[in-house]
Amino acid sequence: MSKVSIHGAWSSRLIFIFAAVGSAVGLGNIWKFPYIAGEYGGGAFVLVYLVSVLLIGMPIMMAEIMLGRRGRQSPVNTMYNLAIEAGQHSAWKYLGWMGMIAGFMILSYYSVVAGEVMAYIFRAASGAFTNQTPSGIRSIYSDFVSDPENLLAWHTIFIIVTMAVVARGVRDGLEKTLRILMPLLFVLLLVLVGYGLNSDGFGEAVKFMFQPNLEKLIYTVNDNGVQELTAKPILVAMGHAFFTLSLGMGAILTYGAYLGRDVSISHVTLTIVIIDTVVALLAGLAIFPIVFSHQLDPAGGPGLIFQTLPIAFGSMPGGTFFGALFFILLFFAAWSSAISLIEPAVAWMVESKDMTRVKAAVWGGSIVWLLGIASIFSATGTTLRDIFITLLDWVGLETIGLKQDFFSLTFFEVIDFATANIMLPLGGMLTAIFVGWVMHRESVRAEINVRHGDLCTLWMTLLKYVSPVAVFIIFLSVIGLLG
Ligand code: TRP
């Protein structure tokens with residue numbers, strides 16, 4: 001197998017870490033984690049997420065980096081080649097395909113949210129939040145997301161800047177920017193946590209995030225007000241471990257393909273996981289004190305960050321500056337994540353479809369842009385039922401009873417659930433099975449270079465048994481086969 005990838009190589013270990021952290025740290029940590037933790041009741045949910053990161057996420061991240069570095073190609077071709085090398089069926093390449101498709105689906109809504117972040121840079125800089133009440137802040141947000149043309153414009157801009165970097169090549173496009181901006185984002189989050197520390201909601205926020213209450217984790221209240229057992233919060237917490245670490249679709253695998261032979265995979269993994277987790281927890285500690293000191297609803301949904309942080313910016317000294325800076329940095333975090341969502345597909349088009357990077361980026365960007373339009377209508381509150389009714393109306397049919405729960409979801413909710421909670425865990429489970437059971441032991445050991453024998457055994461055990469079984473059991477319980 002070739003020693004370097006045709007797409008280039010990272011110039012140092014540190015650059016790989018920056019790129020991988022850039023991929024991992026993004027809207028998932030700062031926008032998504034707080035709102036899903038809020039929706040599923042805090043403490044116990046956060047605990048399941050942390051355990052999943054440690055026992056499922058870490059070993060699978062090591063596996064993906066290892067696979068990428070051994071295969072040196074896009075996920076589709078890497079899986080194909082490594083399956084053949086192990087004397088197995090070439091159908092393993094479809095794992096790469098599922099990942100590419102998941103990447104397109106995730107990026108389609110990710111880009112819409114990143115567009116909202118961009119728009120908020122200007123909202124913050126113009127002083128729109130200064131001395132606003134929480135309800136004023138809320139109506140700024142709801143006015144904003146009820147304007148599809150505006151959202152479309154920002155979505156378009158975000159896709160263009162993302163594809164511009166992807167077209168140039170990930171390394172040249174990213175290295176320098178990330179070095180400065182990522183540490184800055186970290187510092188600014190600390191400032192926001194410091195602001196929360198001085199508010200009266202801080203104690204309650206800490207309690208909310210870290211005091212596990214099992215009830216919120218395994219019960220849901222149905223439409224008739226009756227409590228029912230459910231495994232969904234556990235699935236969502238585990239799914240988020242994959243999402244936030246960029247696992248299960250080949251992004252980290254692709255970055256691993258550009259990584260040097262001498263780098264310790266376990267060390268870089270540990271670094272990436274720690275930074276990613278700390279950023280998510282800091283984001284929670286910045287947002288929830290505002291929620292509780294203003295009696296807002298922690299289960300406020302995807303708009304949570306846009307309805308809470310501006311309250312802080314509106315009342316802190318220098319808030320116009322800090323607010324604009326925060327959304328600028330969040331935009332960069334989203335940008336570096338978005339790049340990794342499309343890189344596997346672009347690498348594949350260059351390898352197998354004989355395209356230039358530019359052409360591949362244009363193709364990829366166009367597909368994502370089109371898909372994203374569905375999520376724009378979700379932001380305005382349009383559900384599948386609304387779309388269905390409109391379509392039926394067009395063809396002149398009466399609306400039949402569309403009562404099922406499914407139809408009351410938005411496109412965004414369906415895509416988010418299908419990717420984060422089904423495709424990524426499934427992809428991760430198959431990756432674990434491939435490395436744990438399918439590849440030859442010697443190939444794995446030769447590539448992973450974990451010098452400590454016990455650590456390597458622990459990793460293998462987690463991959464062979466713990467990750468696949470955990471994902472499988474959680475899937476079964478959500479389908480309802482486990483009572
Ligand atoms: N991890 C990123 C975030 O938390 C999003 C992301 C980038 C991602 N690449 C991915 C998610 C690959 C799943 C798979 O914002």
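Order of appearance sets the numbers: ligands from 1, and atoms from 1 within every ligand.
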Enquirer: Answer yes or no: is there an ion pair linking Glu343 with Arg357, defined by an N-O contact shorter than 4.0 Å?
Expert: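 Here Glu343 pairs with Arg357 in a salt bridge, since their nearest N and O are under 4.0 Å apart.
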Enquirer: Got a sec, which pairs hit ring pair (Phe, Tyr, Trp, His ring centres under 6.0 Å) with one end in residues 412-436, sequence neighbours left out?
Expert: Trp92-Phe434, Tyr109-Phe412
Enquirer: Could you pull out every N or O of ligand 1 that sits under 3.5 Å from a protein N or O, with the distance for each pair?
Expert:
from, atom 1, to, atom 2, distance (Å)
ligand 1, 1 (N), Ser23, O, 3.3
ligand 1, 1 (N), Ala24, O, 3.1
ligand 1, 1 (N), Phe243, O, 2.8
ligand 1, 1 (N), Thr244, O, 3.2
ligand 1, 1 (N), Ser246, OG, 3.0
ligand 1, 4 (O), Ala24, O, 3.0
ligand 1, 4 (O), Gly28, N, 3.3
ligand 1, 4 (O), Asn29, OD1, 3.4
ligand 1, 9 (N), Ser246, OG, 3.2
ligand 1, 9 (N), Ser340, OG, 3.0
ligand 1, 15 (O), Leu27, N, 3.1
ligand 1, 15 (O), Gly28, N, 2.7
ligand 1, 15 (O), Tyr110, OH, 2.5

Enquirer: Looking at residues at least two apart in the chain, or sitting in another chain, which of them share a salt bridge (charged side-chain N to carboxylate O under 4.0 Å, His left out) with Glu116?
Expert: none
Enquirer: Taking all non-hydrogen atoms of both residues, which atom of Arg70 and which atom of Arg261 are closest, and how far apart?
Expert: CA-NH2, 4.2 Å
Enquirer: The criterion is ring pair (Phe, Tyr, Trp, His ring centres under 6.0 Å); which residues satisfy it with Phe129, sequence neighbours excluded?
Expert: Tyr120
Enquirer: Without hydrogens or angle criteria, can the side chains of His7 and Glu351 be said to hold a donor-acceptor pair below 3.5 Å?
Expert: yes
